[in-house]
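Inspection log for the structure reproduced underneath, given as structure tokens.
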Amino acid sequence: MSSVVLTGNTSGAITVAAPAVAGTNTLTLPASTGTLLTTAGSGASLTSIDRIGLGQTYTDVTASRAFATTYTNSTSAPIFVSMQPGTQVGSSFELTVAGNLAWVSNATASDTGNNPVGIVPAGATYLITKTAGTATIVSWRELR
Amino acid sequence: MKTYKDSNNNIYAYEEDGSQDHLIGDKVEITQEEANLIIEAKQEKRYAALGYAEKRTMEYKPIAEQLDMQYHDVQDGTETWLDHVRSVKESHPKGDE
């Protein structure tokens, strides 16, 4: 295994080592100044960057959700939204995220595959509109 | 959640704890009942704009239920399924946009 040792100004050193496996890999650094990864002080450890799924749990928010009402993801990470209607037959829905159509269905005679799901970026608004039918919200869960 | 509407009657909901109050702007707080009325009115308007085919699709029973109708019709000599389809088609005639 080959490596490059960067010796510190005072004491200590950082060793950049290639893995002991076959093949050629490239680690490209960004073309700007910044801190890539630290465990303390400035910068952020990769494990603490807000991203979907990390440290999140599925939460039942049915009681506080309604159709055609705009909500805002005020968390610092993307969330995942999933709504289960009472009946999927003859109903259709739209999921709008940040003003853009993210998911859409048409009225259907099938009883499956007609439940809106989607990811909402941090800070974005979202709403589910019932565009046809008489379906009610049976379950609305968010990974947040 | 606290419910608000904007000047275009779009409905918004914000956390009760005030953590999203900075997003309210010039929206007006309304009751959930008022929000429901606005939403229902929008849905009725949207339904009225649908074509006959979409309205029919909304009213047809689930496929599994229609298959069951057809089975019993064959078994019993009835026309339940035919009556159902005929009723939906007559409720929303072709060309009735």
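Lettering of chains follows the sequences in order, A, B, ..., and the numbering in each one begins at 1.
The structure places NZ of B/K42 at 14.0 Å from NZ of A/K130, a figure rounded to the nearest 0.5 Å. Rounded to the nearest 0.5 Å, atoms OG (A/S64) and CD (B/E15) are 7.0 Å apart. Note that CD of B/Q20 and OH of A/Y71 are 11.0 Å apart. Values are rounded to the nearest 0.5 Å. For the atom pair OG1 of A/T69 and CG of B/N10, the computed distance is 10.0 Å after rounding to the nearest 0.5 Å. One finds the NZ atom of B/K5 at 14.5 Å from the OG1 atom of A/T70 (value rounded to the nearest 0.5 Å).
One hydrophobic cluster, built from ILVMFWY side chains closer than 4.5 Å, cannot hold both A/L127 and A/I79; they sit in different ones. When hydrophobic clusters are built by joining Ile, Leu, Val, Met, Phe, Trp and Tyr residues whose side-chain heavy atoms come closer than 4.5 Å, directly or via intermediates, B/L50 is not grouped with B/I39. The cluster map of Ile, Leu, Val, Met, Phe, Trp and Tyr, joined by side-chain heavy atoms under 4.5 Å apart, puts A/V120 and A/Y58 in the same cluster. Connection of A/V61 to A/V81 is established within a shared hydrophobic cluster, with ILVMFWY side chains joined at heavy-atom distances below 4.5 Å, either directly or through further cluster members.
Residue B/Y12 touches chain A through both its backbone and its side chain, counting heavy-atom pairs closer than 4.5 Å. Heavy-atom distances place the side chain of B/Q43, and not its backbone, under 4.5 Å from chain A. Residue A/T129 touches chain B through its side chain alone, counting heavy-atom pairs closer than 4.5 Å. Only the side chain of B/Y14 comes within contact range of chain A, judged by heavy atoms closer than 4.5 Å. Of the atoms belonging to A/A68, heavy atoms from both backbone and side chain fall under 4.5 Å from chain B.
At a heavy-atom cut-off of under 4.5 Å, chain A is reached by no residue from residues 70-90 of chain B. The contact list for residues 21-36 of chain B toward chain A, using heavy atoms and a distance under 4.5 Å, reads B/L23, B/Q32 by residue number.
Atom CG of A/L6 has more than 12 neighbouring heavy atoms from other residues, nucleotides or ligands inside a 6.0 Å radius.
Taking both residues in full, the closest heavy atoms of A/A132 and B/M58 are given as CB-SD, 3.4 Å, listed atom of the first, atom of the second, then distance.
Qualifying side-chain contact (heavy atoms from CB on, under 4.5 Å) partners for A/V117, counting only residues two or more places apart in sequence or in other chains: A/F80, A/S82, A/W103, A/N115.
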Run the side-chain donor-acceptor check on residues 137-144 of chain A: report pairs under 3.5 Å with partners two or more places apart or on a different chain.
| residue | atom | partner | partner atom | Å |
| --- | --- | --- | --- | --- |
| A/S139 | OG | A/R141 | NE | 3.3 |
| A/W140 | NE1 | A/E142 | OE2 | 2.9 |
| A/E142 | OE1 | A/R65 | NH2 | 3.2 |
| A/E142 | OE1 | A/Y126 | OH | 3.3 |
| A/E142 | OE1 | A/R144 | NE | 2.9 |
| A/E142 | OE1 | A/R144 | NH2 | 3.0 |
| A/E142 | OE2 | A/R65 | NE | 3.0 |
| A/E142 | OE2 | A/R65 | NH2 | 3.3 |
| A/E142 | OE2 | A/Y126 | OH | 3.0 |

